[in-house]
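Have a look at the structure below before the remarks.
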Amino acid sequence: MIEITLPDGSVKEFPVGTTAYDIAMSISEGLARNSVGAVVNGEYYEINKPIINSSEVKIATFNDDDGKQMFWHSSAHLMAEALQVLYPGTKFGIGPAIENGFYYDVDLPDGTKITTEDLPLIENKMKELAKNNSTYNMSESSWEEAMEYYQQAGNEYKVELIEGLKGQKITFCKHGGFTDLCRGGHIPNTGIIKAVKLLSVAGAYWRGNSDNKMMTRIYGITFPKQKMLDEFIQLREEAEKRDHRKLGKELELYMITQNIGGGLPVWLPKGTTIRRILEDFLKKELLKRGYQEVITPHIGNLNLYKTSGHYPYYSESQFSPIKVEEEEYMLKPMNCPHHHQIYASKPRSYRDLPLRLAEFGTVYRYEQSGELSGLSRVRGFTQDDAHIYCTHEQLKEELINAVDLTQLVFKTFGMQVTTRLSFRDDNSDKYAGDPEVWEIAQKEIKEVADMMQLDYFVGLGEASFYGPKIDFIVRDAIGRKWQLGTVQVDYVMPERFELEFMGSDNQKHRPVIIHRAPFGSMERFISILIEHYAGNFPFWIAPVQVSVLPIGQNQNEYCEGIYTKLKDLGFRVEIDTRSEKVNRKIAESEQMKIPFAIIAGQKELENGTVSLRQHGKGDLGTKTLEEIVEMFNSLNVPGSSQH
RNA sequence: GCUGAUGUAGCUCAGCUGGUAGAGCACGUCCUUGGUAAGGACGAGGUCACGGGUUCAAGUCCCGUCAUCAGCUCCA
């Protein structure tokens with residue numbers, strides 16, 4: 001007998017060679033019916049794979065992440081089988097489960113191309129094959145046998161994968177007429193895949209390396225029930241409505257025109273208002289926290305960037321230098337070197353530190369054309385940048401302050417973030433500076449993260465070339481991840497720019513630099529903000545807070561008075577005196593997602609009152625202007641989530 | 001930059017297998033002065049992304065370029 005420990009901690013005895021299915025049955029028939037596989041000591045097991053030793057066992061169903069992974073991994077096999085039938089000679093690369101579904105990278109036979117139009121065909125073949133209820137059968141062979149198999153099959157991709165598994169037993173998975181190199185962890189049979197949707201087809205470099213051949217990647221998702229697929233599709237459609245590129249146009253926040261240039265967003269009046277509100281909010285915080293604001297030019301001498309090392313390190317992603325009177329200038333790709341010049345402009349004493357220089361600095365980077373996307377990825381953007389020059393002793397406290405400010409920003413806007421400690425990859429030579437100093441910097445960052453009880457993960461190889469970072473990452477409406485805020489430790493630039501301060505010991509010392517930007521880029525932050533609120537900005541951010549709508553032209557004058565009063569009080573207000581019906585005016589006010597509409601007809605004019613309507617909620621009834629102003633004042637504070 | 005898809009009026013989109021461009025909204029003028037999500041009439045508006053080619057004839061077919069979208073690579 002062996003002992004099986006279940007997730008709730010209970011331990012049961014089973015005979016040697018029992019299966020997850022037997023264990024599930026012993027709990028309930030329903031669980032057994034819904035189980036798609038099992039996690040045995042952290043490894044994925046098929047439901048019928050014998051368990052030999054005492055183990056921790058978790059039964060996986062489609063309702064948990066492990067179950068989904070097995071389901072989608074198995075679905076990738078099914079898609080591969082369909083592709084093999086439809087496009088004989090296809091070579092298969094890798095086909096993993098991902099967060100929402102799966103993909104398979106394939107190398108199609110010469111002359112074959114798969115486009116979006118072909119996807120339904122493949123879908124149908126998958127559904128057809130699924131109905132065969134084929135089981136996923138695992139088998140094992142020696143490394144040499146496996147190698148020979150794929151060498152004969154002429155599949156250089158699998159050969160490469162097997163090379164990486166030298167000396168190990170190789171496992172295969174076979175279902176229907178398809179055999180694949182596979183570690184294991186499958187659903188009981190193809191028949192439980194009831195709903196199939198192939199989502200997109202795109203190119204993907206083999207092994208993620210742009211020097212390698214580009215394969216065809218097909219993304220798909222499957223479900224055990226059609227209803228689940230319907231819900232998934234509906235959710236996706238809802239998400240697309242939040243897309244900032246769509247809302248940005250509809251709400252007249254920004255535009256991008258080729259006449260100015262791709263990736264160079266133009267802020268329209270309403271978008272500019274939002275941006276100014278965010279800047280005002282942050283500037284106030286910065287002053288409280290001892291920052292000093294500076295302004296530096298948009299271009300700088302190329303020598304600066306040679307000193308910093310950004311040029312030529314990033315020369316591929318910078319605009320070409322501009323030659324003027326025998327000197328070369330760069331559109332600044334970052335603000336740091338300019339701030340370092342301010343630091344270096346006079347002798348500094350330890351008494352001056354920490355010196356915190358802040359700038360909403362606009363930088364220009366040559367991003368590859370295929371990368372540009374709305375406000376998220378652009379060629380010109382403004383960082384809410386600052387550089388903190390401090391002593392080593394002050395570093396931790398300053399890091400804590402910087403992280404705290406970043407957290408305040410996300411809290412103020414109610415945004416969910418994940419935190420990444422971005423560390424160096426020891427196997428890479430892209431980093432500047434002494435590895436030992438890196439170790440220290442990373443240790444300091446980790447200590448701060450622990451001290452502040454950040455819920456973080458470590459990203460190796462995610463550091464910048466001059467130092468480790470704490471990055472704050474959010475998702476956009478369609479699930480893509482973007483880095484927003486960042487706090488970085490830098491021992492390299494003080495060396496390169498020979499920054500110094502006079503210590504209390506009358507000796508010269510190097511300061512440490514913290515680079516930090518809570519919003520990150522104003523453009524990207526606002527793109528996320530638009531999607532976060534689905535364009536329904538809270539009152540304090542809304543570019544137009546209230547629209548005044550006279551019912552008939554007889555009330556235009558009365559409404560002008562209200563409009564002027566609100567405007568004088570500092571509210572962002574619009575008035576619509578057109579000879580349109582009030583329904584039309586309301587519709588347009590709602591469509592522009594303006595938080596409130598003040599409506600006045602003959603009745604209100606005679607009583608000296610107004611009627612108030614809230615966006616998305618409807619008529620709030622008759623009020624006096626005083627009541628409304630009081631309410632608006634209470635809503636008009638940073639961090640207020642009310643609309 | 002790479003792979004694939006797409007590009008028609010300010011916006012959203014129609015335009016079947018080639019036969020000389022349409023709708024709704026927006027815009028302008030006029031009528032209408034209305035009670036909580038779109039009142040009516042008329043009008044103006046397009047080198048069908050751009051450049052070549054095939055054809056008697058190209059928005060439609062072919063090639064190239066540019067841009068947008070999805071993904072890959074990259075991201076100080």
Side-chain angles (χ1 to χ4, degrees), chain A residues 103 105 108 113-119 199-219 240 243 245-246 249-250 252 255-258 261-263 305 308-311 313-314 316-318 332-337 363 365-374 376-377 383 385 430 432 462-467 469 478 480 482-483 486 488 490 492-493 515 517 521 524 549-556 577-591 597-604 611-621:
Chain A
Y103 67 79
D105 284 348
L108 294 160
K113 262 184 196 170
I114 289 180
T115 72
T116 335
E117 288 170 15
D118 302 317
L119 296 182
L199 300 166
S200 66
V201 49
Y205 299 110
W206 169 241
R207 303 218 124 176
N209 186 332
S210 55
D211 296 331
N212 290 344
K213 180 166 182 179
M214 180 157 276
M215 304 181 81
T216 304
R217 175 175 295 182
I218 304 172
Y219 284 90
E240 278 163 19
D243 192 316
R245 290 165 296 190
K246 190 173 155 62
K249 194 182 277 179
E250 285 169 6
E252 298 177 356
M255 58 178 245
I256 291 174
T257 163
Q258 295 317 308
Y305 309 101
S308 72
H310 289 95
Y311 186 94
Y313 187 88
Y314 288 109
E316 293 288 299
S317 49
Q318 291 170 351
K332 72 174 168 183
M334 81 294 300
N335 302 301
C336 349
V363 297
R365 297 176 183 176
Y366 175 76
E367 302 286 1
Q368 299 183 117
S369 56
E371 266 309 328
L372 302 178
S373 178
S376 314
R377 192 78 185 262
Q383 297 175 315
D385 210 355
K430 73 168 190 174
E462 300 287 350
S464 69
F465 78 92
Y466 53 73
K469 317 183 277 174
I478 45 182
R480 291 180 294 202
W482 299 99
Q483 181 196 308
T486 181
Q488 315 177 350
D490 178 6
V492 171
M493 294 303 153
H515 306 240
S521 126
R524 184 177 287 178
L549 312 178
I551 287 174
Q553 306 250 291
N554 284 339
Q555 297 91 43
N556 276 359
T577 54
R578 293 173 307 167
S579 70
E580 286 294 343
K581 294 180 79 167
V582 73
N583 274 351
R584 156 66 73 101
K585 298 181 185 180
I586 289 168
E588 289 180 7
S589 178
E590 290 282 351
Q591 223 162 36
I598 284 177
I599 300 165
Q602 199 55 31
K603 202 170 65 194
E604 287 79 7
S611 168
L612 187 66
R613 182 190 165 94
Q614 188 167 12
H615 169 57
K617 295 213 172 111
D619 194 357
L620 297 186

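Chain A is the first sequence line, chain B the second, and so forth, proteins listed ahead of strands; every chain is numbered from 1.
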_Lys585(A) side chain vs Arg578(A) backbone, donor-acceptor pair below 3.5 Å_ = yes
*asked:* What's the gap between G18(B) and U60(B) when it is taken at their P atoms, as a whole Å value?
replied: 11 Å
_Verdict with reasoning, Lys469(A) to Gln483(A), per side chain to side chain contact (heavy atoms under 4.5 Å, CB included)_ = CA-CA 12 Å; Lys469(A) 317 183 277 174; Gln483(A) 181 196 308; 3.5 Å; yes
Which atom pairs link the protein and nucleotides 62-64 of chain B when you take only N or O atoms and keep those under 3.5 Å?
none

*Could you pick out which residue, Gln258(A) or Ser369(A), lies toward the 5' side of RNA chain B when each is mapped onto its nearest nucleotide?*
Ser369(A)
*Using atom CG of Asp118(A) as one end and atom P of U3(B) as the other, report the distance to the nearest whole Å.*
18 Å
*Can you tell me how far P in G1(B) sits from the matching atom in G64(B), rounded to whole Å?*
16 Å
*So, do His515(A) and Met334(A) sit near enough that their side-chain heavy atoms are less than 4.5 Å apart?*
no
*In whole Å, what separates the C1' atom of C48(B) from that of A58(B)?*
11 Å
*Using the P atom in both, what is the distance from G39(B) to G34(B), to the nearest Å?*
14 Å
*Can you tell me, in whole Å, how much space there is between the C1' of C27(B) and that of U68(B)?*
26 Å
*RNA chain B: 5'-proximal contact among His515(A) and Tyr219(A) (nearest heavy atom)*: Tyr219(A)
_Go through it in stages, so that I can follow the logic: the residues are Gln555(A) and Gln602(A), the test is side chain to side chain contact (heavy atoms under 4.5 Å, CB included), and I'd like the CA-CA distance, side-chain angles, deciding distance and then a yes or no._
CA-CA 7 Å; Gln555(A) 297 91 43; Gln602(A) 199 55 31; 3.0 Å; yes
*May I have the distance from Tyr103(A) (atom OH) to U3(B) (atom C1'), rounded to whole angstrom?*
15 Å
_Interface with RNA chain B, restricted to residues 205-213 of chain A and to heavy atoms under 4.0 Å_ = Tyr205(A), Gly208(A), Ser210(A)
*For RNA chain B, what string of dots and brackets results from 5' to 3' when Watson-Crick and G-U pairs need both distances under 3.5 Å, crossing pairs get [ ], and pairs with another strand get |?*
(((((((..((((.....[..)))).(((((.......))))).....(((((..]....))))))))))))....
*Decide, applying a 5.5 Å centre-distance limit and a 30° plane-angle limit (both strict), whether Phe465(A) stacks on A76(B).*
no
*With rounding to whole Å, what would you report as the distance between A41(B) and G24(B) at their P atoms?*
10 Å
*Mind calculating the distance between CD (Glu462(A)) and P (C75(B)) to the nearest angstrom?*
9 Å
*Separation between the C1' atoms of U3(B) and G53(B), rounded to whole Å*: 26 Å
*Less than 4.5 Å apart, any side-chain heavy atom of Tyr305(A) and any of Tyr314(A)?*
no
Dump every N/O contact between nucleotides 47-50 of chain B and the protein below 3.5 Å, one line per pair.
none

Look for any protein N or O under 3.5 Å of an N or O in nucleotides 34-40 of chain B and output each such pair with its distance, or none.
from	atom 1	to	atom 2	distance (Å)
G34(B)	N7	Ile551(A)	O	2.3
G35(B)	O6	Gln602(A)	N	3.0
G35(B)	O6	Lys603(A)	N	3.0
G35(B)	N1	Glu604(A)	OE1	2.7
G35(B)	N1	Glu604(A)	OE2	3.4
G35(B)	N2	Glu604(A)	OE1	3.1
G35(B)	N2	Glu604(A)	OE2	2.3
U36(B)	O3'	Arg613(A)	NH1	3.4
U36(B)	O2'	Arg613(A)	NH1	2.8
U36(B)	O2	Arg613(A)	NH1	3.2
U36(B)	N3	Ser611(A)	OG	3.3
U36(B)	O4	Ser611(A)	OG	2.0
A37(B)	N7	Arg613(A)	NH2	3.3
A37(B)	N6	Glu590(A)	OE1	3.2
A38(B)	N6	Gln591(A)	OE1	3.2
A38(B)	N6	Gln591(A)	NE2	2.0
A38(B)	N1	Gln591(A)	OE1	3.2
G39(B)	OP1	Arg584(A)	NE	3.3
G39(B)	N7	Glu580(A)	OE1	3.4

*Is there side-chain contact between Leu549(A) and Ile598(A), with at least one heavy-atom pair below 4.5 Å?*
no
_Between C31(B) and G19(B) - P atom distance, rounded Å_ = 44 Å
*Which of the following nucleotides, A76(B), A70(B), U68(B), is nearest to the side chain of Arg365(A)?*
A76(B)
*Any chance NZ of Lys113(A) has more than 12 other-residue heavy atoms, nucleotides or ligands included, within less than 6.0 Å?*
no
*Across the strands shown, which category fits Ile218(A) at heavy-atom distances under 4.0 angstrom: base, sugar-phosphate, nothing?*
nothing
_Are Arg365(A) and Ser317(A) packed together at the side-chain level, in the sense that at least one heavy-atom pair is separated by less than 4.5 angstrom?_
no
*asked:* At under 4.0 Å between heavy atoms, how does the protein contact nucleotides 4-18 of chain B? Give one character per nucleotide, 5' to 3', with B, S or -.
replied: SS-----SS------
*Atom pair CZ (Arg245(A)) and OG (Ser376(A)), whose distance is rounded to the nearest 0.5 Å*: 6.5 Å
*Backbone N/O of Ile586(A) and side chain of Ser589(A): donor-acceptor pair under 3.5 Å*: no
*Quickly work out the Glu252(A) CD to C25(B) C1' distance and round it to whole Å.*
14 Å
*Counting only distance, no hydrogens or angles, is the base of C74(B) paired donor-acceptor with the side chain of Arg377(A) under 3.5 Å?*
yes
*asked:* Glu588(A) vs Glu580(A), test: side chain to side chain contact (heavy atoms under 4.5 Å, CB included). Steps then yes/no.
replied: CA-CA 11 Å; Glu588(A) 289 180 7; Glu580(A) 286 294 343; over 6 Å; no
*Would you check if there is a donor-acceptor pair between the side chains of Thr486(A) and Gln488(A) at a distance under 3.5 Å?*
yes
_Protein-nucleotide distance (Glu250(A), atom CD; C25(B), atom P), rounded to Å_ = 17 Å
*asked:* Looking at Glu590(A) and Ala587(A), would you say the former's side chain and the latter's main chain have a donor-acceptor pair under 3.5 Å?
replied: no
*Determine whether Met214(A) and Tyr205(A) make a side-chain contact, defined as any pair of heavy atoms from C-beta on separated by less than 4.5 Å.*
yes
